[in-house]
Amino acid sequence: MTKIGIILGSTRPGRNGEAVARWVLDVARERDDAEFTLIDLLDYRLPHLDEAVPPSLGQYSQPHTQEWARTIDSFDGFVMVTPEYNHSTSGALKNAIDFLYAEWNNKAVGFVSYGSAGGTRAVEHLRLIAGELQMADVRAQVALSLFHDFVNFSEFKPGAFQTDALNVTLDQVIAWSKALAPLRAR
């Protein structure tokens, strides 16, 4: 069974991302074409990148990096749930991505973003990063507006059409994850 990790990319106190990521997981678990797991960055407590050797060499010395690498390596693809902070993704998500290299390679990634402009600028940056990591980013994405998909900018109430957008995103992530399987098997 294809394994998709849903990465909760915010560690901020009072984060909106937790409700968004749980919604993604709930919608995903209604499907039977993949296995879905929530990966909350708070559970890993990654410090600022503290590996002396570049991640592309795969010589991880820190126990937290080794645990993170095992987790990411175990998935075939990902959905990254990202806030938009200052026209980009969160520092916590960028830092978590930067810890690893080969564990991301030849895997599909889709994005669910939120912010005043739907988080689209954060996703633009993540797409550039995904390319460098040899990830296949899918075209479909979910862009949640703080003005329309949240009450008082904090209570998550997505429009019904967002579920359709999420399922299209999941369709593409699963299809690409399966298509890339021969490359991961090498």
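Source: prediction; values computed, not measured. Computed from heavy atoms alone, side chains included, the values below leave out hydrogens, waters and symmetry copies.
Here the options are L166, I7, L38, L8, the test is side chain to side chain contact (heavy atoms under 4.5 Å, CB included), and the partner is V24; only L166 passes.
Here the side chains of E155 and N16 are not in contact, with every heavy-atom distance at 4.5 Å or above. For the pair V109 and W104, the minimum side-chain heavy-atom distance is 4.5 Å or more. Taking the side chain as every heavy atom from C-beta outward, I129 and M135 never approach each other to under 4.5 Å.
A distance of 6.0 Å or more separates the ring centres of W68 and F99.
The backbone N or O of A92 lies less than 3.5 Å from no partner atom in the side chain of T11, so there is not a single donor-acceptor pair. In terms of modelled atom types and a separation under 3.5 Å, the side chain of S113 and the main chain of G118 share a donor-acceptor contact. The main-chain N or O of T2 is never found under 3.5 Å from a side-chain atom of D76 such that the two would form a donor-acceptor pair. A donor-acceptor contact shorter than 3.5 Å links the side chain of N105 to the backbone of Y101. Under a 3.5 Å cut-off, the side chain of R184 and the backbone N or O of N106 do form a donor-acceptor pair. For the pair Q172 (side chain) and A140 (backbone), a donor-acceptor distance under 3.5 Å is present. Formation of a donor-acceptor pair under 3.5 Å by the D40 side chain with backbone atoms of L42 is found in this model. Within the 3.5 Å criterion, the main-chain N or O of A143 finds a donor-acceptor partner in the side chain of Q162. Checked by atom type and distance alone, the side chain of K94 never pairs as donor or acceptor with a backbone atom of L126 at under 3.5 Å. Side chain of D149 to backbone of G159: a donor-acceptor contact under 3.5 angstrom is found.
Under a cutoff of 6.0 Å and an axis angle of 45°, R121 and Y85 do not form a cation-pi pair.
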Open item on the list: The test is side-chain contact (heavy atoms from CB on, under 4.5 Å); show your working for I174 and R31 and say whether it passes.
Closed with: CA-CA 11 Å; I174 293 165; R31 304 169 63 104; 3.6 Å; yes
Task: Test log, rule side chain to side chain donor-acceptor pair (under 3.5 Å), inputs H125 and S88 - done: CA-CA 6 Å; H125 288 177; S88 191; 2.7 Å; yes
Task: M80/V112 under side-chain contact (heavy atoms from CB on, under 4.5 Å): CA gap, chis, key distance, verdict - done: CA-CA 6 Å; M80 293 185 183; V112 175; over 6 Å; no
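For Y60 and E103, the side-chain atoms include at least one donor-acceptor pair closer than 3.5 Å. Between T82 and Y114, the side chains place no donor N or O within less than 3.5 Å of an acceptor N or O (distance only, hydrogens not considered). With 3.5 Å as the limit, one finds a donor-acceptor pair spanning the side chains of E51 and T65.
The two residues I6 and L25 make their nearest non-hydrogen contact at CD1-CA, 3.7 Å. Residues A122 and P83 come closest through the heavy atom pair CB-O, 3.5 Å. Annotation for I72 and K107: closest pair O-NZ, 2.9 Å, computed over non-hydrogen atoms. Of all heavy-atom pairs spanning G77 and S177, the tightest one is CA-OG, 3.5 Å.
Within a 6.0 Å sphere centred on CZ of R12, heavy atoms belonging to other residues, nucleotides or ligands number 12 at most. Other residues, nucleotides and ligands contribute more than 12 heavy atoms inside 6.0 Å of the NZ atom of K3.
Following chains of ILVMFWY side-chain contacts shorter than 4.5 Å, one cannot reach W23 starting from L93, and the two form parts of different hydrophobic clusters. A single hydrophobic cluster is seen to contain both V142 and V173, as judged by linkage of ILVMFWY side chains at heavy-atom distances under 4.5 Å, directly or through other members. In the hydrophobic clustering of ILVMFWY residues, with side-chain heavy atoms under 4.5 Å counting as a link, I4 and V168 come out apart. Linking ILVMFWY side-chain heavy atoms closer than 4.5 Å, directly or via other members, places L146 and F111 in two distinct hydrophobic clusters. V138 and L144 end up in the same hydrophobic cluster when Ile, Leu, Val, Met, Phe, Trp and Tyr side chains are linked at under 4.5 Å.
With respect to the salt-bridge test (charged N to carboxylate O, under 4.0 angstrom), the residues E67 and R70 do not qualify. Ion pair D33/K178 not flagged as a salt bridge, since none of the NZ, NE, NH1 or NH2 atoms sits closer than 4.0 Å to an Asp/Glu carboxylate oxygen. Between D137 and R127, at least one side-chain N (NZ, or NE/NH1/NH2) sits under 4.0 Å from a carboxylate O, which counts as a salt bridge.
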